[in-house]
Amino acid sequence: MVKAERQPAQILDGRVTADQIKQEVAAEVRRLLAQHGVKPRLAAVLVGDDDASAVYVRNKVRACAEVGIVSDQRLLPASTTTTELLALIRKLNQSDDVDGILVQLPLPREIDEASILEAVAPAKDVDGFHPSNVGLLAMGRPRFVPCTPAGIIELLDRNQIEIAGLNACVVGRSQIVGRPVANLLLQRHATVTICHSRTRDLPAVTRQAEILVAAIGRPAFIRGNYIKPGAVVIDVGVNKITDVDDARALFGGDAGKRIEAIEKRGYTLVGDVHPVEADAIAGRRTPVPGGIGLLTVAMLMRNTLQAAKWRRGL
Ligand code: GUN
């Protein structure tokens with residue numbers, strides 16, 4: 001008898017879902033303008049000259065233009081003090097024109113990040129990082145939900161992946177992804193395990209997961225032996241690799257384009273999940289790039305629209 005070849009993991013394309021969400025937001029933005037004369041506005045604050053952060057903010061500003069949200073970029077030098085940034089946040093809080101405020105993270109080390117995030121008016125906190133929004137989410141009464149975690153749930157829902165009752169494992173306990181996505185999965189009735197650098201026998205724990213979320217920040221950290229056969233693997237990592245041999249090992253048959261990219265611009269992007277090994281074991285997985293990152297931006301658009309509506313009681 002001929003043994004059936006196992007199909008590689010199905011790729012969960014972030015672009016399709018992100019485009020759907022952006023189209024829905026765009027339609028609602030048009031309606032707000034036509035019926036209420038309201039045009040949502042997002043203030044995007046970038047401090048310092050981190051290359052990756054600059055790219056992320058540019059992508060967010062571009063998405064605003066796509067959906068009809070006005071964006072207001074505030075680019076500040078790396079020398080900005082906590083006091084100066086607080087003054088800007090207060091001004092944006094008070095400005096009646098501004099619906100959403102986004103402070104791109106990470107901030108320069110010298111700035112007191114916690115006090116900045118606490119200063120953002122909770123009603124304009126479209127990133128969901130203010131303690132009151134974090135607390136509401138932890139209580140199961142979400143208001144503004146952080147964009148990447150919200151995008152992960154949206155991607156699962158729109159691909160008909162049932163969450164209730166499944167074992168979900170989140171690797172990483174950051175404020176931006178790990179903790180909030182664990183809360184959201186719990187709210188959707190998954191059995192949730194959160195793993196981190198002190199977890200003993202990590203692969204044994206992650207291998208129990210039907211939904212595995214990798215948010216560690218280490219290239220290709222999740223290997224084949226970490227994955228339960230057939231699992232849905234959500235890769236939140238965005239890491240640069242610069243070595244051609246690494247690219248060959250990680251991308252197998254797809255390495256050609258990656259090597260070209262390294263030769264042309266010096267790097268290619270890889271997630272926290274080993275793509276070739278995951279393809280051999282997982283049922284579905286999100287790619288990097290083209291996966292969760294696109295959903296983060298789409299959900300920011302949705303949160304900003306929501307802020308504009310809530311602020312006006314619509
Ligand atoms: N840095 C990494 N992810 C995010 C995000 O979702 N929002 C902001 N403001 N900064 C980030």
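Fair warning: this is a prediction, and the values are worked out from it, not measured in the lab. Counting starts at 1 for both ligands and their atoms, in listed order.
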Salt bridge (Lys or Arg N to Asp or Glu O under 4.0 Å) against Asp201, all qualifying residues, sequence neighbours excluded: none

Below 3.5 Å only, please: the N or O atoms of ligand 1 paired with protein N or O atoms, distance on each line.
residue  : atom   : partner : partner atom : Å
ligand 1 : 1 (N)  : Gln104  : NE2          : 3.3
ligand 1 : 1 (N)  : Leu105  : O            : 3.0
ligand 1 : 7 (N)  : Asp127  : OD1          : 3.1
ligand 1 : 7 (N)  : Asp127  : OD2          : 3.3
ligand 1 : 9 (N)  : Val103  : O            : 2.9
ligand 1 : 9 (N)  : Asp127  : OD2          : 2.6
ligand 1 : 10 (N) : Gln104  : NE2          : 3.3
ligand 1 : 10 (N) : Leu105  : N            : 3.0

Asp99/Arg312 under salt bridge (Lys or Arg N to Asp or Glu O under 4.0 Å): CA gap, chis, key distance, verdict: CA-CA 10 Å; Asp99 294 298; Arg312 294 171 178 82; 2.9 Å; yes

What pairs of donor and acceptor atoms, side-chain ones from residues 159-170 against any protein atom, are under 3.5 angstrom apart with sequence neighbours left out?
residue : atom : partner : partner atom : Å
Asn159  : ND2  : Leu155  : O            : 2.8
Asn167  : ND2  : Gln208  : O            : 3.3

Listed partners of Arg31 passing salt bridge (Lys or Arg N to Asp or Glu O under 4.0 Å), at least two apart: Glu28

Arg141, CZ atom: more than 12 neighbouring heavy atoms under 6.0 Å: no

Sidechain-backbone polar pair: Arg218 side chain, Asn239 backbone, donor-acceptor under 3.5 Å: no

